[in-house]
Amino acid sequence: MKISPPLTQEELLHRCYQIAGKTLGMLAQEMGQQTPSSLVYAKGWIGQLIEKTLGANAVNLDQPDFIDLGIELKTLPINAQGVPCESTYICTASIPNQDTHFEQSRVFRKMAKMLWIPVEDTQNKPIADARIGTAILWSPPTAIKNQLRQDWEEITELITLGHFENLSAHIGEYLQIRPKAANAKTFIQVIDHQGKQINIVPKGFYVRTKLTRQIVQEHYAC
DNA sequence: ATTTGATCATTT
DNA sequence: AAATGATCAAAT
């Protein structure tokens with residue numbers, strides 16, 4: 001069952017409203033899929049199910065999920081306290097760095113307009129029973145965008161200078177960089193600040209829950 | 001091989 | 001408990 005992409009933002013939001021309140025089990029059945037009993041070997045299953053349901057057309061491309069609308073879709077696991085409980089993957093970090101300005105960067109191209117789909121956390125319940133929440137269409141307000149730019153610049157500078165030894169997940173208020181690979185023995189070759197070729201594990205950019213908690217809270221406050 | 005979809009597992 | 005580091009599968 002292949003679903004065509006929504007032609008407008010309104011159509012996309014309408015599709016979101018139609019799945020809000022449904023459980024993952026219901027949605028999987030409608031899409032003719034089996035619900036996995038565990039996410040251990042199906043970590044991206046929820047996101048991919050919702051992408052297909054909504055008609056995302058940039059699956060596995062280095063572009064926002066809904067290319068023509070410039071909207072990036074993210075599922076957001078929400079715990080029993082109503083709070084996002086995991087960080088959000090944004091994109092891989094190209095090393096050597098290729099983006100000179102934040103606005104043109106891979107990170108910002110995806111974060112300029114995001115559609116957050118809250119989904120009940122599946123830690124303590126069957127995956128099929130987790131309910132889908134109300135979508136939040138979001139663009140970073142100026143203050144947050146500025147902080148994201150600052151985080152991005154700090155991380156990007158270390159990459160550009162080749163100071164990989166100082167690159168860590170502790171940097172950044174909202175944005176962070178972490179390993180992103182099949183496992184810790186996966187390497188890419190890079191040139192460090194001394195001009196020496198070294199091996200490091202590939203990295204990806206993530207958004208901390210500090211930001212997603214804020215987004216969720218502000219959205220449901222009004 | 002790489003980028004996507006993320007969550008799991010361990011450390012702090 | 002929260003954050004960091006490690007890992008798994010699909011698509012191309």
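Naming: A, B, ... by sequence-line order, numbering from 1 per chain.
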Salt bridge or not between A:E103 and A:R149? Use side-chain N to carboxylate O under 4.0 Å. yes
Is A:E72 touching bases, backbone alone, or none of the nucleic acid, heavy atoms closer than 4.0 Å? sugar-phosphate
Rounded to whole Å, please give me the gap between CZ in A:F205 and P in B:dT3. 13 Å
May I ask you to verify if any side-chain N or O of A:T209 is less than 4.0 angstrom from the OP1 or OP2 atom of C:dA3? yes
Evaluate A:F102 against A:K145 for side chain to side chain contact (heavy atoms under 4.5 Å, CB included), listing each step before the verdict. CA-CA 10 Å; A:F102 179 62; A:K145 181 177 171 184; 4.2 Å; yes
A:I177 side, atom CD1; A:E154 side, atom CD - distance, nearest 0.5 Å: 11.5 Å
Is A:Y89 close enough to B:dT4 that one of its side-chain N or O atoms is under 4.0 Å from OP1 or OP2 there? yes
Roughly, in whole Å, what's the span from CH2 in A:W45 to C1' in B:dT7? 14 Å
Give a yes/no answer on whether the side chain of A:R208 brings an N or O atom under 4.0 Å of OP1 or OP2 in C:dA2. no
Looking across every strand, which nucleic acid part, if any, lies under 4.0 Å from A:Q123 by heavy atom: base, sugar-phosphate, or nothing? sugar-phosphate
For the residue pair A:Q18 and A:H14, establish whether any side-chain heavy-atom pair is separated by less than 4.5 Å. yes
Separation of B:dT3 P from A:D65 CG (nearest whole Å): 16 Å
Is a side-chain donor-acceptor pair under 3.5 Å present for A:E165 with A:H163? yes
Hey, which of these two, A:D62 or A:P77, hits DNA chain B nearer its 5' end, going by closest nucleotide? A:D62
How many whole angstroms separate atom NZ of A:K210 from atom C1' of C:dT4? 16 Å
Check the phosphate of B:dA6 against A:T88, side-chain N and O only, distance under 4.0 Å to OP1 or OP2. Yes or no? no
In whole angstroms, how far is the P atom of B:dT3 from the NZ atom of A:K110? 10 Å
Taking side chain as C-beta onward, heavy atoms only, is A:T122 less than 4.5 Å from A:P77? no
Under 4.0 Å between a side-chain N or O of A:K203 and OP1 or OP2 of C:dG5? no
If you look at every strand shown and take non-hydrogen atoms under 4.0 Å, does A:P202 touch a base, only sugar-phosphate, or nothing? nothing
So what does A:C91 hit on the nucleic acid, given a heavy-atom distance under 4.0 Å: a base, only sugar-phosphate, or nothing? sugar-phosphate
Do the non-hydrogen side-chain atoms of A:R106 and A:T92 ever get within less than 4.5 Å of each other? yes
Distance check needed: C:dG5 C1' versus A:F187 CZ, whole Å only. 14 Å
Do the side-chain N and O atoms of A:D151 and A:Q147 include a donor-acceptor pair separated by under 3.5 angstrom? yes
Rounded to whole Å, the CG-P distance (A:N166 to C:dT4) equals 16 Å
Compare side-chain N and O positions of A:S87 against OP1 and OP2 of B:dA6 and report whether any pair is under 4.0 Å apart. no
When every nucleotide of nucleotides 6-12 of chain C is labelled 5' to 3' by its protein contacts under 4.0 Å (heavy atoms), B for base, S for sugar-phosphate only, - for none, what sequence of letters results? BBBSBB-
A:I67 CD1 to B:dT4 P, in whole Å, measures 12 Å
